[in-house]
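Comments concern the structure below.
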Amino acid sequence: LTRSLLNAGARKLVVVENDQRCFAALDELSKAFPGRMRVVQADAMIVNEAQYASPGTKIVANLPYNISTALLLKWLTDAKRYASMTLMFQKEVAMRLVAEPSTADYGRLSVMTQWVCDVKRLFDVQAGSFVPPPKVHDPFFDTPYEPPAQTQDTVSKTETVFSNVRSISPNIKPKRK
């Protein structure tokens, strides 16, 4: 992904990476594209994006499954900072982003993402695009920012509502598509 962005003409990339196995390849890319890439060795969950990204920045990322939802929710709370977020999710998470009300996949993530962004599924990335190839195809989504009324307040409210929804209405079941 990083190489493709640089080959496509990205002038400035900030790469946040915590996996030691990736640093040799990132170092090679940095040498091949001098002055266009900065590698930040850090946990993406604790990085202060404002330190590296000016307003209007575009986030492009292949998100790790175990933190993809938490990262997205983190970015949504300050979504006005970003021009767009083009993100790759594992299929199960991706389906929740675009889920419609009264479906099995609809929940807090659907509400938050659709409240703040205009979510569009762009394409699936084939397993052969990765080394080693995973056993699934991951969809890429574009989520351009659309200004909501109150993002932070909405984050708190949806967390409360969706954490209690099962206890409030245990007999209500979503429709399966």
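Quick note: residue numbers are just sequence positions, from 1. Keep in mind the model is a prediction, meaning the values are calculated, not measured.
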Practice task
Before giving the answer on side-chain contact (heavy atoms from CB on, under 4.5 Å), spell out for M45 and L71 the whole-Å C-alpha distance, their side-chain angles and the decisive distance to 0.1 Å.
Solution key: CA-CA 6 Å; M45 286 301 301; L71 271 174; 3.7 Å; yes

Practice task
With sequence neighbours left out, write down each residue that passes side chain to side chain contact (heavy atoms under 4.5 Å, CB included) with A32, or none if nothing qualifies.
Solution key: none

Handout entry: Beyond-backbone contact of F89 with N62, side-chain heavy atoms, under 4.5 angstrom
Key = no

Exercise for the section: Side-chain contact test, heavy atoms from C-beta onward, threshold under 4.5 Å: evaluate it for L26 versus M37 and give yes or no. Expected result: yes

Handout entry: Inter- and intrachain pairs under side chain to side chain donor-acceptor pair (under 3.5 Å), touching residues 29-47, at least two apart
Key = D27-K31

Problem - Side-chain hydrophobic cluster, 4.5 Å single linkage: members besides Y52 - result: V14, V16, V40, V47

Handout entry: Nearest-0.5 Å distance, CG of residue L97 to OH of residue Y106
Key = 12.5 Å

Practice task
Establish whether I67 and I46 are linked, either directly or via other cluster members, by ILVMFWY side-chain heavy-atom contacts under 4.5 Å.
Solution key: no

Practice task
Verify side-chain contact (heavy atoms from CB on, under 4.5 Å) between Q114 and E100, making sure each step is shown before the conclusion.
Solution key: CA-CA 10 Å; Q114 294 171 30; E100 295 180 16; over 6 Å; no

Practice task
State the OH-CE distance between Y65 and M88, to the nearest 0.5 angstrom.
Solution key: 15.0 Å

Problem - Residue pairs, two or more places apart or on separate chains, that pass salt bridge (Lys or Arg N to Asp or Glu O under 4.0 Å) and touch residues 61-71 - result: none

Handout entry: side chain to side chain contact (heavy atoms under 4.5 Å, CB included) involving D19 - partner list, sequence neighbours excluded
Key = E17, R21, C22

Completion exercise
In this structure, OG of S110 is separated from CH2 of W115 (nearest 0.5 Å) by 15.0 Å

Practice task
Find the distance between CG (L122) and OG1 (T86) and round it off to the nearest 0.5 Å.
Solution key: 6.5 Å

Completion exercise
On a heavy-atom basis, the closest approach of N18 and A42 is CB-O, 3.3 Å

Handout entry: Nearest heavy-atom neighbours spanning R81 and A50
Key = NH2-CB, 3.4 Å

Practice task
Just grab all the salt bridge (Lys or Arg N to Asp or Glu O under 4.0 Å) pairs involving residues 46-74, residues at least two apart or on different chains.
Solution key: E49-K74

Handout entry: Euclidean distance, S84 OG relative to I59 CD1, rounded to 0.5 Å
Key = 8.5 Å

Problem - Side chain proximity check, T69 to R96, heavy atoms < 4.5 angstrom - result: yes

Exercise for the section: Side-chain contact test, heavy atoms from C-beta onward, threshold under 4.5 Å: evaluate it for M85 versus C117 and give yes or no. Expected result: yes

Using distance only, find each side-chain donor-acceptor pair of residues 5-13 under 3.5 Å and give its atom names and separation, not counting sequence neighbours.
residue, atom, partner, partner atom, Å
N7, ND2, R3, O, 3.4

Completion exercise
Taken to the nearest 0.5 Å, the spacing of D124 CG from K91 NZ works out to 7.0 Å

Handout entry: Minimum side-chain heavy-atom gap M112-L73 below 4.5 Å
Key = yes

Practice task
Say whether, by atom type as modelled, one donor and one acceptor occur between the side chain of T113 and the main chain of L109 under 3.5 angstrom.
Solution key: yes

